[in-house]
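Here is the naming used below: chain letters follow the sequence lines, and residue numbers restart at 1 for every chain. Remember, it's a predicted structure, so these values are computed and weren't measured experimentally.
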There are 2 protein chains.
Amino acid sequence: MSKGRVTVIDIAHAADVSKSTVSLVLQGSPLVNEATRAKVNAVIRELGYVYNRGAANLRQAKSKIVGIVVNDLTNSFFAELAVGVDMVVQSAGYVQFLSNTGESIDRQREVVASMREHGISGLIVSPARGTDAADFKPLTNAGIPVVIVVRNIPGAKVSSLVSDNFAGASAAVEHLVGLGHRRISFMGGFANTAVFAERLGGYRDALAKAGITFDDELVVATAPSRAGGVEAVGRAMLLADKPTAAVCFNDAVAFGVCDGLRARRLEPGVDFAVVGFDDVIEAESAVPALTTISVDPQGMGRRAAQLLLKQINSGKVEAEAIVSAVRLVVRQSSGLALDTTARRAVS
Amino acid sequence: MSKGRVTVIDIAHAADVSKSTVSLVLQGSPLVNEATRAKVNAVIRELGYVYNRGAANLRQAKSKIVGIVVNDLTNSFFAELAVGVDMVVQSAGYVQFLSNTGESIDRQREVVASMREHGISGLIVSPARGTDAADFKPLTNAGIPVVIVVRNIPGAKVSSLVSDNFAGASAAVEHLVGLGHRRISFMGGFANTAVFAERLGGYRDALAKAGITFDDELVVATAPSRAGGVEAVGRAMLLADKPTAAVCFNDAVAFGVCDGLRARRLEPGVDFAVVGFDDVIEAESAVPALTTISVDPQGMGRRAAQLLLKQINSGKVEAEAIVSAVRLVVRQSSGLALDTTARRAVS
DNA sequence: GAGATTATTTGGAACGTTCCAAATTTTGTC
DNA sequence: GACAAAATTTGGAACGTTCCAAATAATCTC
């Protein structure tokens with residue numbers, strides 16, 4: 001009693017009841033008499049008892065732990081996502097294992113295995129590039145619900161929650177066309193990813209609808225990072241028929257594009273229109289404020305967590321695919337209508 | 001055998017050995033014969049056995065779980081920190097509970113309690129503002145090592161790892177003085193925090209060493225965010241004797257200061273020198289690139305994790321206070337020497 | 001106040017692992 | 001091939017909880 005941790009049996013002795021009764025109290029069962037409940041609770045506080053969830057799980061096989069693995073926590077988009085998940089998970093009385101894979105498939109496999117050993121009862125994952133659809137089979141086979149977020153994995157028979165990339169890119173193009181642009185570039189992103197394909201699809205579709213013929217040269221794929229954005233501008237500006245606007249793969253790229261423009265003495269939002277994708281937290285306060293497609297990563301995190309919890313509680317592993325609506329947020333980086341700009345430049 | 005999960009006993013039966021032997025194999029004990037080991041391992045793979053760490057912990061009272069709670073994961077400084085922790089924790093075979101408190105003391109208390117119930121064997125915490133030194137007493141009493149990072153809590157008898165705020169601010173001032181500045185403002189941060197006090201202390205000390213008298217008006221405390229930086233510039237520019245340079249509480253503030261300067265048609269790094277603090281990932285690629293005090297949050301995360309693991313393994317809870325060295329990284333935002341700038345402006 | 005109800009409490013037996021002490025097998029020695 | 005020594009294997013008994021069936025206590029009914 002002096003050394004080891006305080007257990008339910010210690011409480012039982014001290015409160016002069018059986019361990020079963022203590023257990024009932026712990027679970028807030030209505031079966032126990034108010035007086036005994038009070039007595040037990042008093043002893044619990046007095047002895048500084050701490051509940052051992054591990055032992056409980058062993059018996060009930062139902063942990064209050066979910067796992068979340070993201071491919072790049074360094075990217076504030078994913079950090080926001082994690083925060084969103086954390087919020088709902090926390091208030092549902094769960095706790096989350098969080099791991100960062102840094103886009104490494106091996107690491108991802110390791111952490112998922114480790115989480116499984118630790119008895120997670122659900123998993124949210126933003127998969128590393130190149131993740132195989134079969135990688136989550138063991139989880140689902142064991143009845144552990146999995147929700148894939150952000151990046152879809154074609155063929156995986158698990159739930160997914162991705163943003164409407166097609167509609168987003170499409171809206172960005174429409175916006176630029178509305179401002180008078182016709183040479184619109186698509187900048188950044190790795191070409192062999194599902195997200196890239198979806199966004200590029202939206203871009204092409206909107207161009208077609210506007211009667212603008214698609215020009216291969218205007219899509220410049222680079223790393224989806226700030227540096228990638230800088231590189232993209234560099235390549236695009238080598239063209240004979242230069243673009244006057246760009247829809248970027250994501251906000252990081254968009255910021256890089258702004259940097260690159262400035263390095264060429266072009267002011268984003270004045271001399272060149274740029275639209276981002278994601279609406280990260282800095283997008284609003286940047287100069288110029290970034291016109292972008294808002295996907296509300298924190299909200300996505302919350303929805304993903306809600307979906308996961310729903311599946312955990314319902315006990316059915318039926319896959320559900322949600323595409324999350326996005327909306328265009330017009331700020332300064334896309335500038336005024338082209339005509340106006342032209343007039344200003346002349347005067 | 002058909003329904004429930006595969007257990008060590010199932011393996012034992014299938015491999016025709018005892019459960020003890022299986023356990024030995026699982027732990028990689030040298031006591032077991034190579035042939036049996038191979039046989040058991042084969043069966044393990046074949047049956048798709050997954051180790052139940054919960055059950056193991058119950059017996060050994062030694063989990064492979066650490067907790068990490070941060071006050072604001074949305075801030076990329078802390079996200080980086082978490083990634084650093086994750087790296088070493090992962091490769092040591094541990095897994096981490098991560099929770100975000102969003103500066104809420106109540107939430108912090110909740111998650112720490114929850115983590116404790118889940119049996120963490122160590123905790124790394126970047127405490128929410130206003131955390132009481134006594135809050136971690138129960139943990140340490142139970143022999144669970146705690147490492148406080150980033151923000152020190154005076155009086156807490158636990159290990160801590162903070163960056164050398166005094167030296168950092170001091171170096172920033174020296175750098176600016178070296179460039180010829182004499183009206184140097186200190187911008188951003190909440191005045192009632194330990195970190196603020198330390199950085200302001202370094203600032204004052206360096207001013208004194210340079211023979212510049214400290215002017216109260218030049219320290220403008222605001223929220224430690226981008227918006228706070230904008231606000232700070234606004235306030236500082238109301239002064240009769242305006243500053244020509246600023247050392248900022250952190251990089252977020254510094255970016256805000258740049259925004260604010262631009263809004264006033266001043267170019268950071270040309271018309272006004274700004275130095276940040278933290279060296280977040282965007283500092284390098286921003287325009288202008290931010291001169292800042294590099295604290296390498298990811299490195300801090302790694303060191304914190306190493307310290308924690310050391311304490312977990314050694315079994316002693318002796319508190320250790322580490323202050324992590326910082327270094328000045330000169331980029332463009334602090335500009336050229338004042339004279340030069342002046343000459344350029346005239347020409 | 002006896003019998004029937006209802007409310008409360010309670011000992012085991014799990015859960016899946018590790019540990020211990022002891023049993024068994026193998027190897028070595030002469 | 002008998003004995004000792006070393007190597008390997010093995011049954012229980014934990015660990016701290018929850019669950020079940022059953023026991024006990026309290027209340028009601030006439």
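Counting only residues at least two apart or on different chains, no ring pair (Phe, Tyr, Trp, His ring centres under 6.0 Å) pair has a member in residues 54-84 of chain A. Among residue pairs with one or both ends in residues 26-65 of chain B, none qualify as ring pair (Phe, Tyr, Trp, His ring centres under 6.0 Å); sequence neighbours excluded. For residues 92-118 of chain A, the pairs satisfying ring pair (Phe, Tyr, Trp, His ring centres under 6.0 Å) are A:Phe97-A:His118, A:Phe97-B:Phe97, with sequence neighbours left out. Here salt bridge (charged side-chain N to carboxylate O under 4.0 Å, His left out) pairs that include residues 136-147 of chain A, with residues two or more places apart or in two chains, number zero. Residue pairs meeting the side chain to side chain donor-acceptor pair (under 3.5 Å) criterion with at least one partner in residues 296-306 of chain B, sequence neighbours excluded, are B:Arg303-B:Ser324.
Summarising the geometry, the separation between NE2 on A:His118 and C1' on C:dG16 is reported as 15 Å, rounded to the nearest angstrom. Here D:dC19 presents its C1' atom at 9 Å from CD of A:Gln27, a figure rounded to the nearest Å. Taking atom CZ of residue B:Arg5 and atom P of nucleotide C:dA14, one finds them 19 Å apart after rounding to whole Å.
Ionic pairing of A:Arg107 and A:Glu110 is not present here: no N-O contact between side-chain nitrogen and carboxylate oxygen is shorter than 4.0 angstrom.
The shortest distance between side-chain heavy atoms of B:Val150 and B:Val162 does not fall below 4.5 Å.
For B:Glu320, the side chain to side chain contact (heavy atoms under 4.5 Å, CB included) partners two or more places apart in sequence, or in a different chain, are B:Ser159, B:Leu307, B:Lys310, B:Gln311, B:Ile322. In terms of the side-chain hydrogen bond (donor to acceptor under 3.5 Å, both in side chains) criterion, B:Glu80 has no residue partners (sequence neighbours excluded). Partners of B:Arg151 by side-chain hydrogen bond (donor to acceptor under 3.5 Å, both in side chains), not counting sequence neighbours, listed by chain and number: B:Glu103.
A heavy atom lying under 4.0 Å from DNA chain C marks the following residues of residues 48-66 of chain A, by number: A:Leu58, A:Arg59.
Within the structure, every side-chain polar atom (N or O) of B:Ser23 is placed at least 4.0 Å from both OP1 and OP2 of C:dT17. Between B:Thr7 and C:dT17 there is a side-chain N or O to OP1 or OP2 distance below 4.0 Å.
Closest approach of B:Val6 to B:Leu47, counting heavy atoms only: CG2-O, 3.5 Å.
Axis angle across the helix from C:dG1-D:dC30 to C:dC30-D:dG1, with five pairs used at each end and values rounded to 10°: 30°.
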> Run the side chain to side chain contact (heavy atoms under 4.5 Å, CB included) check on A:Val146 and A:Ile124 step by step: do they pass?
Replying inline: CA-CA 6 Å; A:Val146 174; A:Ile124 294 176; over 6 Å; no

Identify the pairs formed between an N or O of the protein and an N or O of nucleotides 8-10 of chain D at a distance under 3.5 Å, and give each distance.
{"from": "D:dT9", "atom 1": "OP1", "to": "B:Thr36", "atom 2": "OG1", "distance (Å)": "2.8"}
{"from": "D:dT9", "atom 1": "OP2", "to": "B:Asn33", "atom 2": "N", "distance (Å)": "3.1"}
{"from": "D:dT9", "atom 1": "OP2", "to": "B:Thr36", "atom 2": "OG1", "distance (Å)": "3.4"}
{"from": "D:dT10", "atom 1": "OP2", "to": "B:Ser18", "atom 2": "N", "distance (Å)": "2.8"}
{"from": "D:dT10", "atom 1": "OP2", "to": "B:Ser18", "atom 2": "OG", "distance (Å)": "3.3"}
{"from": "D:dT10", "atom 1": "OP2", "to": "B:Thr21", "atom 2": "OG1", "distance (Å)": "2.8"}

Could you list all N or O pairs between the protein and nucleotides 21-23 of chain C that sit under 3.5 Å apart?
none

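Residue B:Val66 forms a side chain to side chain contact (heavy atoms under 4.5 Å, CB included) with just one option from B:Leu98, B:Leu123, B:Ile312, and that option is B:Ile312.
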